[in-house]
Every structure is written in C-alpha cells, then in structure tokens.
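Contents: one structure, followed by commentary.
If you read the sequence from its start, that first residue is 1, and numbering goes on from there. A quick note: this is a predicted structure, and the numbers were derived from the prediction, not measured.
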Amino acid sequence: QVQLVESGGGLVQTGGSLRLSCVASGRIFVTSAMGWFRQAPGKEREFVAGISWNGDNPYYANPVKGRFTISKDNDENTGSTLYLQMSSLKPEDTAVYYCAADVDSSVVFTTAAPCDYWGQGTQVTVSS
C-alpha cells in the first residue's frame with residue numbers, strides 16, 4: 001500500500017530536540033521529492049523543509065533555517081524514509097507536522113501545490 005506514515009512527535013521543552021520520521025511505503029517515493037509542512041492551531045499549513053529525490057538540495061523556511069535538518073534515505077525495493085531533525089526548539093514550533101511527496105517530480109518543492117501524498121501528521125509541542 002502506498003502511504004506516508006509519520007512518527008517521532010512529542011512534548012519537549014524549549015531548547016530541546018526531536019527527530020521526526022516519515023516512512024514512505026512504495027517504490028514511487030524513491031524518485032520523489034519530499035518535504036515537511038506544519039500547521040499550528042488557528043493557522044494555515046506552512047512549508048518547513050524540502051529535499052530532492054536523492055537527498056540533495058535541502059531547502060528550509062526561514063523560521064527553521066539553522067535549527068532543522070531534513071534528510072532522505074532510499075531503498076529501491078520498499079520506498080523511502082524522510083527525516084526531520086529539529087534542534088533548539090521554540091514554543092512557536094508547536095504544530096502538527098506533516099510529510100508530503102511530489103511523485104511527479106524529483107526536484108525540491110517549497111509549496112504544498114505539487115504534493116500528491118500526505119501523511120496523517122504527528123504532533124510536536126514545545127513547552128516554554
């Protein structure tokens with residue numbers, strides 16, 4: 001079954017770290033650009049980070065630049081795993097985090113428009 005499943009969210013104090021994972025089941029994700037988005041209560045979903053199909057060309061939204069690191073591992077037989085290493089977390093990072101994939105392109109994206117597949121989301125809460 002072709003799907004994206006996130007994990008790794010939780011409650012952390014300001015300044016702490018978390019590592020999110022997104023298991024992308026399906027060989028189509030091996031050649032897909034992927035990324036992370038987040039949505040805080042009462043706010044629109046926003047882009048966090050994106051990466052090309054082979055893990056090159058990571059791109060970050062300004063609020064997370066220097067604190068978050070995106071990476072992608074490919075397995076030609078099963079699919080991919082997307083990661084988001086988050087450090088120096090702030091209360092404003094509190095949101096539901098979603099992984100997404102654009103199966104029609106291998107090039108990094110910075111908006112939600114081209115994304116074909118989405119995970120169910122994982123909650124990240126940063127306490128002050």
> Is the CZ atom of Arg67 crowded by more than 12 outside heavy atoms at less than 6.0 Å?
Replying inline: yes
> Linking I/L/V/M/F/W/Y whenever any side-chain heavy atoms sit under 4.5 Å apart, do Phe37 and Phe68 land together?
Replying inline: no
> When clusters are formed by joining ILVMFWY residues with side-chain heavy atoms under 4.5 Å apart, either directly or through shared neighbours, do Leu20 and Val108 land in the same one?
Replying inline: no
>> Walk me through whether Glu92 and Thr94 qualify under side chain to side chain donor-acceptor pair (under 3.5 Å).
In response: CA-CA 5 Å; Glu92 50 263 45; Thr94 295; over 6 Å; no
>> Measuring from atom SG of Cys99 to atom CZ of Arg38, what distance do you get when rounded to the nearest 0.5 angstrom?
In response: 15.5 Å
>> Less than 4.5 Å apart, side chain to side chain, heavy atoms only: is that true for Pro114 and Asp104?
In response: no
>> Determine whether a donor-acceptor pair (N or O, by modelled atom type, separation under 3.5 Å) exists between the side chain of Ser32 and the backbone of Met34.
In response: no
>> Test side-chain contact (heavy atoms from CB on, under 4.5 Å) on Asp56 and Ile51; report intermediate values, then the result.
In response: CA-CA 6 Å; Asp56 288 344; Ile51 199 164; over 6 Å; no
>> Consider side chain to side chain contact (heavy atoms under 4.5 Å, CB included). Of Tyr97, Trp118, Trp36, which one does Glu6 pass it with?
In response: Trp36
> For Pro58 and Ile70, which heavy atoms make the closest approach, and how far apart are they?
Replying inline: CB-CG2, 3.7 Å
> Can you tell me if Asp116 uses its side chain to pair, donor with acceptor, with the backbone of Val103 under 3.5 Å?
Replying inline: yes
>> Check the orientation of Phe109 and Phe47. Use parallel for under 30°, tilted for 30 to 60°, and perpendicular for over 60°.
In response: perpendicular
> Would you call Thr125 and Val12 a side-chain contact if the rule is heavy atoms closer than 4.5 Å?
Replying inline: no
>> Are more than 12 heavy atoms, taken from residues, nucleotides or ligands other than Lys65, located less than 6.0 Å from that residue's NZ atom?
In response: yes
> Checking Arg45 against Tyr98: charged group under 6.0 Å from the ring centre and within 45 degrees of the axis?
Replying inline: yes
Hey, can you pull the donor-acceptor pairs under 3.5 Å for the side chains in residues 76-90, sequence neighbours left out?
unit_1 : atom_1 : unit_2 : atom_2 : d
Ser80  : OG     : Phe29  : O      : 3.2
Ser80  : OG     : Lys72  : NZ     : 3.4
Ser80  : OG     : Asn74  : OD1    : 2.6

> Would Ser105 and Trp53 count as a side-chain contact (heavy atoms from CB on, under 4.5 Å) if you check the C-alpha gap in whole Å, the side-chain angles of each, and the deciding distance to 0.1 Å?
Replying inline: CA-CA 8 Å; Ser105 176; Trp53 74 276; over 6 Å; no
> What do the steps show when you test Ser7 against Ser21 for side-chain contact (heavy atoms from CB on, under 4.5 Å), and what is the final call?
Replying inline: CA-CA 5 Å; Ser7 62; Ser21 299; 3.9 Å; yes
> So which heavy atom on Pro91 is nearest to which on Ser128, and how close?
Replying inline: CG-CB, 3.9 Å
> Any side-chain heavy atom of Leu4 sitting closer than 4.5 Å to one from Val23?
Replying inline: no
>> For Ser71 and Asp73, which I'm curious about, is there any donor-acceptor pair between the side chains at under 3.5 Å?
In response: no
> When you look at Gln13 and Val126, which way does the side-chain contact (heavy atoms from CB on, under 4.5 Å) test go after all the steps?
Replying inline: CA-CA 5 Å; Gln13 292 185 336; Val126 184; over 6 Å; no
> Is there side-chain contact between Ser127 and Leu11, with at least one heavy-atom pair below 4.5 Å?
Replying inline: yes
> Do the non-hydrogen side-chain atoms of Tyr117 and Ile28 ever get within less than 4.5 Å of each other?
Replying inline: yes
